[in-house]
Amino acid sequence: MQAASPSTRGSPDSQSPPGGVELREDVPLTPSGSGGGARLCAGGPRFIVASFAALTAATTLALLTQIYYGDYEVVPHGSVSSDAKSCSGAGTEALKAGGRSMDAAVAAALCLAVVAPHRTSLDASGTLLYWEYREWRRSAAWLAEWGGTGVRRGATPRLLVALAALHAQYGRLPWSQLLQPAVDLARRGPDASVGVGAARGGGPGAPARALLADYLESLQHNTSAELSSAWSSESDMRVSSPAAVRAGGWRVWAGGAGAGTVARALVAGLSPPPADVDDATRRVVAALQQEAASDALSPGGVSSGLAVVDAQDTYLALVTGLSVPFGSGPVTSSGWSQDFPTAPLDLTPAILVDQFVCGTRYVLGGSSAAAVAQAAAALAVTGVPSAVERGRASDTTPASASDPAPASDPAPAVNVVQQRGDALASHADSRGGGLASRF
Ligand SMILES: *[C@@H]1O[C@H](CO)[C@@H](O)[C@H](O)[C@H]1NC(C)=O
């Protein structure tokens with residue numbers, strides 16, 4: 001360490017910051033007589049300290065510039081992972097415009113209702129899990145649920161009623177701005193990337209999509225506060241605490257009809273710590289099979305999950321779904337399909353946090369409890385978001401083996417955002433056909 005060398009200790013100017021920075025302090029201190037260049041640096045060590053300070057300032061400035069205005073792929077401020085590239089994009093556009101997690105979730109969920117009608121619609125049931133991580137000492141995770149087998153209270157589509165109410169309270173951006181991507185996509189036509197054709201044929205035709213675009217556009221004239229107060233008698237939103245459990249070194253929160261299943265399966269899979277990811281998966285699958293065998297009515301349906309983390313570390317997982325692809329009811333004159341579930345839907349958002357403050361956290365929007373439990377175990381053991389792609393034992397319901405779901409039904413997908421320290425990574429499950437987006 002040159003900073004501590006005896007020759008420089010006498011001068012107060014020579015106090016270099018520690019850290020092994022390579023400064024040859026003896027050079028300006030012993031001018032070599034005729035060396036003209038060194039004359040420029042009157043005061044020797046002072047010049048070095050000043051240079052060092054300038055370098056530090058420049059580096060700090062460069063870092064801050066990078067953090068606040070830098071390449072978004074290099075320094076993600078937020079991330080949205082969903083079943084459609086265009087909808088993840090709609091979500092991150094909302095984040096870029098200064099929106100919070102709720103803004104991104106509203107934009108992405110409305111977008112999915114347009115581009116993925118085989119999984120969700122404006123009338124979809126939903127489960128939303130929300131947690132402000134930075135406020136973890138003061139504010140707990142909460143859960144909002146709507147739809148399902150509950151009584152329908154009005155003619156307004158239920159996902160829309162719920163999103164307007166949630167946005168009125170937790171959104172930052174104008175409601176009309178968040179509707180725009182859905183309006184544009186409804187006008188443009190189906191998004192081939194989500195594979196609607198693969199799901200039991202068809203879907204709403206062009207006339208229905210034009211009606212849907214008109215309907216969404218008509219909602220842009222009002223704020224979400226106006227709409228949610230006009231629709232308040234139609235809201236069936238239930239707010240509660242999610243199921244919470246410790247599984248090995250992890251804390252887990254899960255919502256929806258399958259929350260208990262997820263919690264018990266993860267405890268089985270992660271505690272005591274598994275030998276490897278296959279061991280964890282085996283234990284989770286065994287627990288799921290046991291649950292399925294003892295449970296008379298296992299939740300079902302089709303759905304689409306999304307995960308959002310914003311720049312303020314607000315975690316949001318939202319799963320919206322229907323009892324059958326394209327909904328069980330007719331398409332209304334406003335172009336959206338009604339859905340009348342007769343059994344509980346399996347809509348399973350989850351958050352996984354390791355035992356260290358600012359350790360690794362996962363936000364998961366998953367289509368089924370079985371898929372979420374297996375994906376979460378794989379994430380916890382491997383530490384890489386792409387672990388959601390691992391093969392899963394999908395048939396964990398022995399009772400339904402004789403009556404398998406049609407092959408055309410979309411497979412349960414789990415979309416995830418990972419935060420490790422301050423670093424964000426995300427992955428959209430290829431079973432859902434989606435793509436994660438960061439900014
Ligand atoms: C929506 O906006 C229009 C035009 O500004 C207004 O006349 C109407 O009352 C609003 N609707 C609600 C439910 O507030």
Side-chain angles (χ1 to χ4, degrees), residues 86-87 90-91 93-115 117 120-128 130 142-148 150-188 204 207-239 306 308 314 316 318 320-322 327 329-341:
S86 46
C87 300
E93 283 305 316
L95 294 178
K96 266 189 220 177
R100 298 291 307 271
S101 277
M102 194 63 81
D103 296 296
V106 167
L110 291 171
C111 169
L112 286 164
V114 171
V115 306
T120 179
S121 100
L122 286 191
D123 197 37
S125 303
T127 306
L128 178 143
Y130 188 94
W142 54 264
L143 194 67
E145 294 173 271
W146 61 90
V151 177
R152 180 184 293 271
R153 303 218 175 125
T156 314
R158 293 182 295 180
L159 173 65
L160 202 54
V161 172
L163 292 182
L166 289 163
H167 178 266
Q169 202 169 350
Y170 297 96
R172 288 276 171 83
L173 296 182
W175 167 253
S176 63
Q177 187 176 338
L178 304 176
L179 284 164
Q180 196 58 49
V183 171
D184 293 342
L185 286 160
R187 294 244 180 270
R188 199 181 307 153
R209 283 198 312 274
L211 291 172
L212 184 59
D214 292 343
Y215 177 56
L216 290 170
E217 225 165 44
S218 75
L219 299 169
Q220 289 184 299
H221 303 302
N222 293 93
T223 64
S224 58
E226 286 171 339
L227 294 175
S228 69
S229 89
W231 295 337
S232 62
S233 64
E234 301 190 35
S235 174
D236 67 341
M237 193 154 67
R238 289 92 64 189
V239 176
L306 61 93
V308 186
T314 300
L316 191 159
L318 168 62
T320 65
L322 305 167
V331 176
T332 66
S333 58
S334 300
W336 48 273
S337 353
Q338 287 185 303
D339 189 46
F340 300 93

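The figures here come from the full heavy-atom set of this structure, side chains too, leaving out hydrogens, waters and symmetry mates. In each ligand, atom 1 is the first atom listed, and ligand 1 is the first ligand listed.
- Electrostatic pairing of D214 and R209 does not count as a salt bridge here, judged by no charged N lying under 4.0 Å from a carboxylate O.
- Of the protein's non-hydrogen atoms, A230 CB, 3.6 Å is the one closest to atom 13 (C) of ligand 1.
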side-chain contact (heavy atoms from CB on, under 4.5 Å) between V331 and Q338, worked out: CA-CA 6 Å; V331 176; Q338 287 185 303; over 6 Å; no
Salt bridge (charged side-chain N to carboxylate O under 4.0 Å, His left out) evaluation trace for R158 with D123: CA-CA 5 Å; R158 293 182 295 180; D123 197 37; 3.6 Å; yes
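- In this structure, the protein non-hydrogen atom closest to atom 5 (O) of ligand 1 is H221 O, 4.3 Å.
- In this structure, atom 7 (O) of ligand 1 has its sub-4.0 angstrom surroundings free of protein heavy atoms.
- Under the 3.5 Å distance criterion, the side-chain polar atoms of T332 are matched with a main-chain donor or acceptor of W336.
- Regarding atom 2 (O) of ligand 1, its nearest protein heavy-atom neighbour is N222 ND2, 2.4 Å.
- Within the 4.0 Å cut-off (strictly below), a protein heavy atom is located near atom 10 (C) of ligand 1.
- Annotation: atom 14 (O) of ligand 1 to nearest protein heavy atom, E226 CB, 3.4 Å.
- Note that R100 lies outside the cation-pi zone of Y170, set by a 6.0 Å cut-off to the ring centre and a 45° limit from the axis.
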